[in-house]
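Notes follow once the structure below has been shown.
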Amino acid sequence: MNTRDKILRGLANLTSQAYNSSMPDPLLNTPAQWQHLLPQPDARSHKYNRGYVLIQGGYPITGAARLSALAAARTGAGMTTIAVPDSALPIYASQCLSIMVKPYTQPDELYALIADQRVSACLIGPGAGVSEQTLATTLNMLASGKPVVIDADAISGLNGQVDLLKNNIQSTCVLTPHDGEFARLFGQRPDESLPTRLKQAHEAARLSQAIVLLKGAHTIIANPDGRLIVNDNAPATLATAGAGDVLAGMITSLLAQSMPAFEACAAASWLHGAAANLFGVGLIADDLPDLIPAALRSAMATPAAN
């Protein structure tokens, strides 16, 4: 039995412990499960049909959304835009070249950007701040019917309101919490043991009807339909500020390019870890976006039988 088979058997045993054999076995995340679904540009491609990502940019914290935007672009989105408060425009505009920056002064102007028919996926949370306005924008994105990734402050802003989230989901919704954010939304801190974390992530996806990507040394991706994937290639160097913002941008990019959501989350998690492994010791989040193309090449070159 090879190492992967041993891990898969171990995951099956963990499922039995966590669910009394009543749920599907979790899968170990490998490129073979999603590499055939990775978006591929062709001669007919242009910037809009390759996916248009809209990110709500925070202020005074501005670096998080910029990391997400760079990651979205490097993961293949043809157009990436950060919508920012008018007062923050000089900061964003001076740092972003290929990333578009669109200012707004009133919430209605932001909502008009979200409603743009060219936008194919939205991200909110990185650097957004926990506020009533962040919550209102989250709900507006959900109401748009476009795929939405809810990260960081936008998760905390929901603050236990799982039913509010569930009742406003109109399309694909992905939550990307770390343990603290998970606890604030679902009222229970994830356990350190993998069997219990699997159970908690699965239940959270069922309750919210969102895909839950619970970050950690073993990132768990739980689909509302019961499917589970465990990602085990995240090196310890990813424990650095901003790494989660990069992951959120990668997921949003793949959703914008019409990759199926569960597989998009699995692919982004694996690619995120692969990019970190390519750099090694000394990694900071700023390093990750430029490593994504090499990670993509590695995933595409992995034999499908693996």
Side-chain angles (χ1 to χ4, degrees), residues 47-48 50-75 77-159 161 164-165 168 170-171 173-176 181 241-242 244-253 255-256 285-286 288-289:
K47 61 187 177 184
Y48 292 117
R50 287 191 62 193
Y52 187 161
V53 168
L54 179 68
I55 300 168
Q56 192 263 323
Y59 181 75
I61 297 174
T62 63
R66 285 181 280 164
L67 283 170
S68 297
L70 284 171
R74 286 295 191 190
T75 310
M79 176 76 78
T80 304
T81 295
I82 310 176
V84 306
D86 184 72
S87 57
L89 177 61
I91 298 173
Y92 281 92
S94 67
Q95 296 291 321
C96 296
L97 299 177
S98 60
I99 307 302
M100 294 188 64
V101 181
K102 294 190 176 180
Y104 63 89
T105 55
Q106 300 295 328
D108 285 350
E109 295 172 348
L110 172 58
Y111 301 158
L113 295 174
I114 295 168
D116 186 332
Q117 292 186 354
R118 297 171 298 179
V119 171
S120 48
C122 299
L123 167 61
I124 185 167
V130 179
S131 67
E132 291 184 5
Q133 185 54 56
T134 296
L135 177 59
T137 303
T138 301
L139 298 178
N140 184 274
M141 284 184 174
L142 291 171
S144 73
K146 299 170 183 179
V148 179
V149 176
I150 302 176
D151 185 43
D153 290 340
I155 298 174
S156 296
L158 285 161
N159 194 27
Q161 301 179 86
L164 178 66
L165 170 65
N168 280 274
Q170 300 296 320
S171 182
C173 177
V174 176
L175 303 172
T176 56
E181 292 156 355
D245 303 316
V246 172
L247 176 60
M250 295 171 72
I251 296 167
T252 312
S253 179
L255 293 177
D286 308 50
L288 288 167

**Message:** Working note: T176 + I251, criterion side chain to side chain contact (heavy atoms under 4.5 Å, CB included); need CA distance, chi angles, decisive distance, verdict.
**Reply:** CA-CA 10 Å; T176 56; I251 296 167; 3.8 Å; yes
**Request:** Could you go through the side chain to side chain contact (heavy atoms under 4.5 Å, CB included) check for R66 and I99 one step at a time?
**Result:** CA-CA 8 Å; R66 285 181 280 164; I99 307 302; over 6 Å; no
**Request:** In sequence, state the C-alpha distance, the side-chain angles, and the governing distance for L142 and L165, and then conclude on side chain to side chain contact (heavy atoms under 4.5 Å, CB included).
**Result:** CA-CA 9 Å; L142 291 171; L165 170 65; 3.8 Å; yes
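Between the side chains of T81 and Y52, a donor-acceptor pair is found at a separation under 3.5 Å. Between T137 and T134, the side chains place no donor N or O within less than 3.5 Å of an acceptor N or O (distance only, hydrogens not considered).
Between T80 atom OG1 and M100 atom CE the span is 10.5 Å, to the nearest 0.5 Å. We find the SG-CD1 distance between C122 and I150 to be 10.5 Å, quoted to the nearest 0.5 Å. Rounding to the nearest 0.5 Å gives a distance of 9.5 Å between CG of L158 and CG of N168. Rounding to the nearest 0.5 angstrom, the gap separating the OG1 atom in T138 from the CD1 atom in I124 is 3.5 Å.
The salt bridge (Lys or Arg N to Asp or Glu O under 4.0 Å) contacts involving residues 136-158 comprise D151-K215, where partners must be two or more places apart or lie in separate chains. Residue pairs meeting the salt bridge (Lys or Arg N to Asp or Glu O under 4.0 Å) criterion with at least one partner in residues 113-123, sequence neighbours excluded, are D116-R118.
Across Y92 and I61, no two heavy atoms sit closer than the pair OH-O, 3.8 Å. When all heavy atoms of I155 and E181 are compared, the pair lying nearest together is CG2-O, 3.7 Å. Annotation for Y59 and I91: closest pair CE1-CD1, 3.7 Å, computed over non-hydrogen atoms. For S120 against P147, the heavy-atom pair with the smallest separation is O-CD, 3.2 Å.
In L89, the CG atom is crowded: over 12 heavy atoms of neighbouring residues, nucleotides or ligands sit closer than 6.0 Å.
Residues forming a salt bridge (Lys or Arg N to Asp or Glu O under 4.0 Å) with D286 (at least two apart in sequence, or on another chain): none.
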